[in-house]
Amino acid sequence: MLIDVPRERVFDLLADLSLRPAVTDHFITGFRLQRMNPRGVGATARFRLDRAEHWMDTAIVTAERPHLIREEGHGGRSNRVPVFTVWELAEGASPTSCEATVTFWTEPARLNDKLRDRISHRRLGRDWKRAMLRLRALAEAGTPVERVGVAGGDRLPAFAR
């Protein structure tokens with residue numbers, strides 16, 4: 001998908017998991033951050049695919065600015081299905097544009113997980129395509145995006161004692 005902003009800006013949007021619901025909330029529900037720092041390697045989130053009864057999690061394991069973000073996690077029953085998402089950002093025709101792609105896949109080992117996976121991936125193709133359209137609109141608009149906060153986190157002290 002061609003996005004008419006520099007890829008560094010798109011990278012910053014994708015590398016911050018607290019902004020992810022702005023792009024994926026049409027098919028992901030219950031999104032919550034698992035760490036205080038939602039940016040870069042180590043950022044973790046937990047969510048549910050809209051049509052699934054099981055939770056999934058994702059963690060950014062590689063963030064090579066400005067061209068690659070790789071996420072790994074687990075989902076399905078008992079969190080036994082490995083889940084992968086790769087965001088790739090290539091330079092566009094001009095220095096102020098980029099070509100963005102997302103690849104999402106799972107690696108189920110059990111037969112019933114494979115059958116469930118095959119059914120859900122048919123629908124997920126449309127959902128990820130819509131997410132990319134939303135990413136383009138969000139990046140090109142340049143308006144501030146509401147962030148997801150961490151629930152239950154320790155409050156930071158207002159002053160040092």
Side-chain angles (χ1 to χ4, degrees), residues 1 3 5 7-89 98 100-108 112-114 116-156:
M1 163 120 352
I3 302 176
V5 295
R7 65 182 175 162
E8 289 80 7
R9 182 173 175 162
V10 177
F11 182 90
D12 291 339
L13 286 170
L14 294 172
D16 187 344
L17 289 182
S18 68
L19 302 175
R20 193 65 57 87
V23 175
T24 59
D25 67 356
H26 62 283
F27 72 104
I28 288 178
T29 60
F31 191 91
R32 54 182 92 160
L33 296 172
Q34 300 294 97
R35 300 240 172 124
M36 292 298 284
N37 184 3
R39 295 181 190 100
V41 174
T44 307
R46 191 153 174 81
F47 55 89
R48 231 179 242 213
L49 292 178
D50 197 24
R51 298 170 191 92
E53 70 243 28
H54 303 295
W55 288 89
M56 296 181 122
D57 57 59
T58 190
I60 297 177
V61 295
T62 305
E64 297 175 7
R65 186 173 181 83
H67 61 86
L68 177 71
I69 298 172
R70 182 179 169 89
E71 301 173 25
E72 294 180 6
H74 291 87
R77 187 178 180 139
S78 302
N79 246 14
R80 66 182 176 219
V81 178
V83 177
F84 304 91
T85 310
V86 176
W87 301 88
E88 295 175 287
L89 304 171
C98 75
T101 58
V102 62
T103 307
F104 175 85
W105 75 96
T106 61
E107 294 180 354
N112 59 341
D113 291 333
K114 288 179 183 180
R116 185 175 291 144
D117 186 66
R118 185 174 293 164
I119 293 167
S120 68
H121 272 283
R122 289 181 190 150
R123 297 182 207 148
L124 278 175
R126 289 188 303 263
D127 291 334
W128 281 111
K129 185 174 183 174
R130 184 172 171 198
M132 294 300 286
L133 292 170
R134 292 178 74 182
L135 174 65
R136 179 173 63 191
L138 183 70
E140 291 176 354
T143 56
V145 181
E146 185 177 339
R147 296 176 182 275
V148 173
V150 178
D154 291 338
R155 293 182 183 262
L156 299 176

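Bear in mind that the values here come from a model prediction, so they are computed numbers and not experimental data. By convention here, the first residue in the shown sequence is residue 1.
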Handout entry: Aromatic ring proximity, centroids under 6.0 angstrom, W87 and W128
Key = yes
Handout entry: Working for side chain to side chain contact (heavy atoms under 4.5 Å, CB included), residues D57 and N79
Key = CA-CA 8 Å; D57 57 59; N79 246 14; 3.0 Å; yes
Completion exercise
d(H67 NE2, C98 SG) to nearest 0.5 Å is 13.0 Å
Problem - V23 vs L13, side chain to side chain contact (heavy atoms under 4.5 Å, CB included): CA-CA, chis, key distance, verdict - result: CA-CA 10 Å; V23 175; L13 286 170; over 6 Å; no
Handout entry: Pairs satisfying salt bridge (Lys or Arg N to Asp or Glu O under 4.0 Å), at least one member in residues 23-35, at least two apart
Key = D25-R134
Practice task
Take F11 and L68 through the test side chain to side chain contact (heavy atoms under 4.5 Å, CB included) and record every step on the way to the result.
Solution key: CA-CA 8 Å; F11 182 90; L68 177 71; over 6 Å; no
Fill in the blank from the handout: Shortest non-hydrogen pair, V148 vs P21, comes out as CG2-CG, 3.3 Å
Practice task
Indicate the atoms forming the closest heavy-atom contact of A100 with M132, along with that distance.
Solution key: O-CE, 3.4 Å
Completion exercise
Closest non-hydrogen contact found for I60 with A15 is CD1-O, 3.5 Å
Handout entry: From CE (M1) to NZ (K129), nearest 0.5 Å
Key = 7.0 Å
Problem - Euclidean distance, L49 CG relative to W55 CH2, rounded to 0.5 Å - result: 11.0 Å
Problem - V83 side chain near T58 side chain, heavy-atom distance below 4.5 Å - result: no
Exercise for the section: Could you list all the side-chain hydrogen bond (donor to acceptor under 3.5 Å, both in side chains) pairs where at least one residue sits in residues 10-23, not counting sequence neighbours? Expected result: D12-R65, D16-S18, D16-R39, D16-R147, S18-R147, R20-E71
Handout entry: V102 side chain near L135 side chain, heavy-atom distance below 4.5 Å
Key = no
Handout entry: Stepwise side chain to side chain contact (heavy atoms under 4.5 Å, CB included) test for I28 and D127
Key = CA-CA 9 Å; I28 288 178; D127 291 334; over 6 Å; no
Exercise for the section: Identify the heavy atoms of L89 and R7 that sit nearest to each other, and give their distance. Expected result: O-NH1, 3.0 Å
Handout entry: Pairwise distance CD(E72) to CZ(F84) - rounded to 0.5 angstrom
Key = 5.0 Å
Handout entry: Non-hydrogen side-chain atoms of W105 and V86 separated by less than 4.5 Å
Key = yes
Practice task
Verify, without hydrogens or angle tests, whether T44 (side chain) and G42 (backbone) share a donor-acceptor contact under 3.5 angstrom.
Solution key: yes
Handout entry: Approximate separation, where rounding is to 0.5 Å, of R48 CZ and M56 CE
Key = 12.0 Å
Completion exercise
Correct closest heavy-atom pair for V41 and A63 would be CG2-N, 3.8 Å
Exercise for the section: Could you pull out the closest heavy-atom pair between A139 and V10, with the gap in Å? Expected result: CB-CG2, 4.2 Å
